[in-house]
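What follows is a structure written as structure tokens; I'll ask about it next.
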Amino acid sequence: ADITVTGTASFTATASDITLGDNGANNDTNFGSLTLNGVNATVTEDSGTVFTGSSSLSGFLTLTSAGDITDDANATIAVTGIASLTADNVGNTAAITLGDSGTDSVNFGQLRVVSDLDTTITENSGTDFTGSSVVGGSLTLTSAGNITDDATADITVTGTASFTATASGITLGEQAGVRNSQVTVLA
């Protein structure tokens with residue numbers, strides 16, 4: 001089914017999952033802005049995604065957006081598990097910008113990002129990369145805790161990568177395991 005909301009779309013699934021926009025070409029999903037509350041959320045949006053209000057997921061977030069992924073100045077985003085964010089479209093013009101206002105709040109258990117262009121995230125806690133992250137532009141990450149990656153993490157940045165841990169340390173690319181994590185900057 002097609003879903004188009006020009007204002008705020010707010011979804012709450014108490015003790016359950018939210019799955020929207022996952023049925024291919026005949027399933028257009030577009031929101032003016034978005035709030036998610038529940039256990040896990042899998043959302044594919046056919047336009048840009050703007051988080052607003054308070055979003056809280058006790059599990060994971062998998063968000064695929066055909067435009068920019070952003071949040072408004074008062075948004076709160078809390079994901080206990082992995083936040084997997086993909087901003088990708090056919091024109092390769094999608095970017096990710098979260099936590100860029102002093103009044104918003106962004107916290108992820110672990111993070112994976114894929115963007116056509118720049119990714120800029122300010123996290124109010126530590127940041128732990130997992131899986132394959134690919135940034136087509138520059139990556140700017142500011143974290144209030146440690147910036148780390150797990151043994152599955154591969155981070156590839158086409159432009160400049162800037163990491164700032166305001167109160168802690170940065171350890172990337174040093175995990176032991178089945179394969180070593182990798183940080184690649186192509187500038």
Side-chain angles (χ1 to χ4, degrees), residues 17-18 34-43 49-65 68-87 95-115 117-185 187:
D17 296 342
I18 300 166
L34 183 62
T35 302
L36 300 168
N37 289 286
V39 179
N40 300 308
T42 303
V43 177
T49 302
V50 179
F51 282 98
T52 191
S54 181
S55 292
S56 180
L57 298 168
S58 61
F60 65 80
L61 168 64
T62 301
L63 173 63
T64 303
S65 179
D68 296 341
I69 297 174
T70 62
D71 61 346
D72 69 22
N74 296 311
T76 299
I77 306 167
V79 179
T80 303
I82 297 170
S84 179
L85 308 173
T86 302
I96 300 171
T97 304
L98 296 171
D100 60 326
S101 171
T103 55
D104 56 2
S105 176
V106 175
N107 293 286
F108 305 125
Q110 289 187 295
L111 180 63
R112 177 193 163 274
V113 295
V114 174
S115 64
L117 299 175
D118 297 342
T119 292
T120 303
I121 296 176
T122 299
E123 191 167 358
N124 296 82
S125 57
T127 302
D128 184 33
F129 283 98
T130 189
S132 180
S133 290
V134 179
V135 177
S138 294
L139 171 63
T140 303
L141 175 68
T142 303
S143 180
N146 291 325
I147 298 175
T148 59
D149 59 347
D150 69 15
T152 70
D154 290 323
I155 305 167
T156 301
V157 180
T158 301
T160 303
S162 172
F163 300 98
T164 304
T166 58
S168 298
I170 301 170
T171 305
L172 295 171
E174 294 185 3
Q175 298 296 325
V178 175
R179 66 176 208 219
N180 289 328
S181 57
Q182 176 179 323
V183 179
T184 305
V185 179

(request) Indicate whether the side chain of Asp118 and that of Thr120 have a donor and an acceptor atom separated by less than 3.5 Å. (result)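 No pair is found: no donor N or O on one side chain lies under 3.5 Å from an acceptor on the other.
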(message) Nearest 0.5 Å, please: how far is CD1 in Ile82 from CG in Asp150?
(response)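 Asp150 atom CG to Ile82 atom CD1 measures 7.5 Å (nearest 0.5 Å).
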(request) Establish, from distance only, whether the side-chain atoms of Thr152 and Thr130 form a donor-acceptor pair under 3.5 Å. (result)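 Distance-only check passes for Thr152 and Thr130.
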(request) Please list all pairs passing the side-chain hydrogen bond (donor to acceptor under 3.5 Å, both in side chains) test where one or both residues lie in residues 70-80, with sequence neighbours left out. (result)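 Those involving residues 70-80 are Thr52-Asp72.
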(message) Here's a test for you: under side chain to side chain contact (heavy atoms under 4.5 Å, CB included), which of Thr86, Val113, Asp68 qualifies with Ile96?
(response)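 Considering Thr86, Val113, Asp68, a side chain to side chain contact (heavy atoms under 4.5 Å, CB included) with Ile96 is found only for Val113.
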(message) Looking at every heavy atom in both Ile147 and Thr164, which two are closest together, and how far apart are they?
(response)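 Shortest heavy-atom contact: CD1-O, 3.6 Å.
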(request) Please report the closest heavy-atom contact between Arg112 and Ser84, naming both atoms and the distance. (result)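 Arg112 and Ser84 have their closest heavy atoms at NH1-OG, 2.7 Å.
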(request) With rounding to the nearest 0.5 Å, note down the distance linking OG1 in Thr148 to CG in Leu111. (result)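 Taking OG1 in Thr148 and CG in Leu111, the distance rounds to 10.5 Å.
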(request) Might you point out which heavy atoms bring Ser55 and Leu34 nearest each other, and give the distance in Å? (result)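 That would be OG-O, 4.2 Å.
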(request) For Val157 and Gly137, work out which heavy atoms get closest and say how close. (result)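 Distance-wise, the nearest heavy atoms are CG1-O, 3.3 Å.
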(message) Minimum heavy-atom separation for Ser143 and Asn146, please, with both atom names.
(response)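 For Ser143 versus Asn146, the nearest heavy atoms are OG-O, 3.8 Å.
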(message) Please give me the minimum heavy-atom distance between Phe108 and Ala83, naming the atom from each residue.
(response)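 Closest pair (atom of Phe108, atom of Ala83, distance): CD2-CB, 3.3 Å.
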(request) Working to the nearest 0.5 Å, report the span between CZ of Phe163 and CG of Leu141. (result)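 Going from the CZ atom of Phe163 to the CG atom of Leu141 covers 6.5 Å.
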(message) Rounded to the nearest 0.5 Å, what separates atom CG in Leu98 from atom CD1 in Ile77?
(response)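 Answer rounded to 0.5 Å: 5.0 Å.
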(message) For a 4.5 angstrom cut-off between non-hydrogen side-chain atoms, does Thr119 reach Leu85?
(response)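 Side chain of Thr119 against side chain of Leu85, heavy atoms only: no contact under 4.5 Å found.
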(message) Would you compute the distance between atom CG of Asp104 and atom CZ of Phe51 and round it to the nearest 0.5 angstrom?
(response)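 CZ of Phe51 is found 12.0 Å from CG of Asp104.
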(message) Under a 3.5 Å cutoff, is there a donor and acceptor pairing between the side chains of Ser56 and Asn37?
(response)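 Looking only at side-chain atoms, Asn37 and Ser56 do not form any donor-acceptor pair under 3.5 Å.
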(request) Kindly write out the residues that satisfy side-chain hydrogen bond (donor to acceptor under 3.5 Å, both in side chains) with Thr166, not counting sequence neighbours, or none if the list is empty. (result)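 Thr166 satisfies side-chain hydrogen bond (donor to acceptor under 3.5 Å, both in side chains) with no residue once adjacent residues are dropped.
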(request) Quick one: list whatever passes side chain to side chain contact (heavy atoms under 4.5 Å, CB included) with Ser65, sequence neighbours left out. (result)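 Applying side chain to side chain contact (heavy atoms under 4.5 Å, CB included) to Ser65 gives Thr49, Ile69.
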(request) Nearest 0.5 Å please: distance from the CG atom of Leu139 over to the CZ atom of Phe129. (result)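 If we round to the nearest 0.5 Å, Leu139:CG and Phe129:CZ are 5.0 Å apart.
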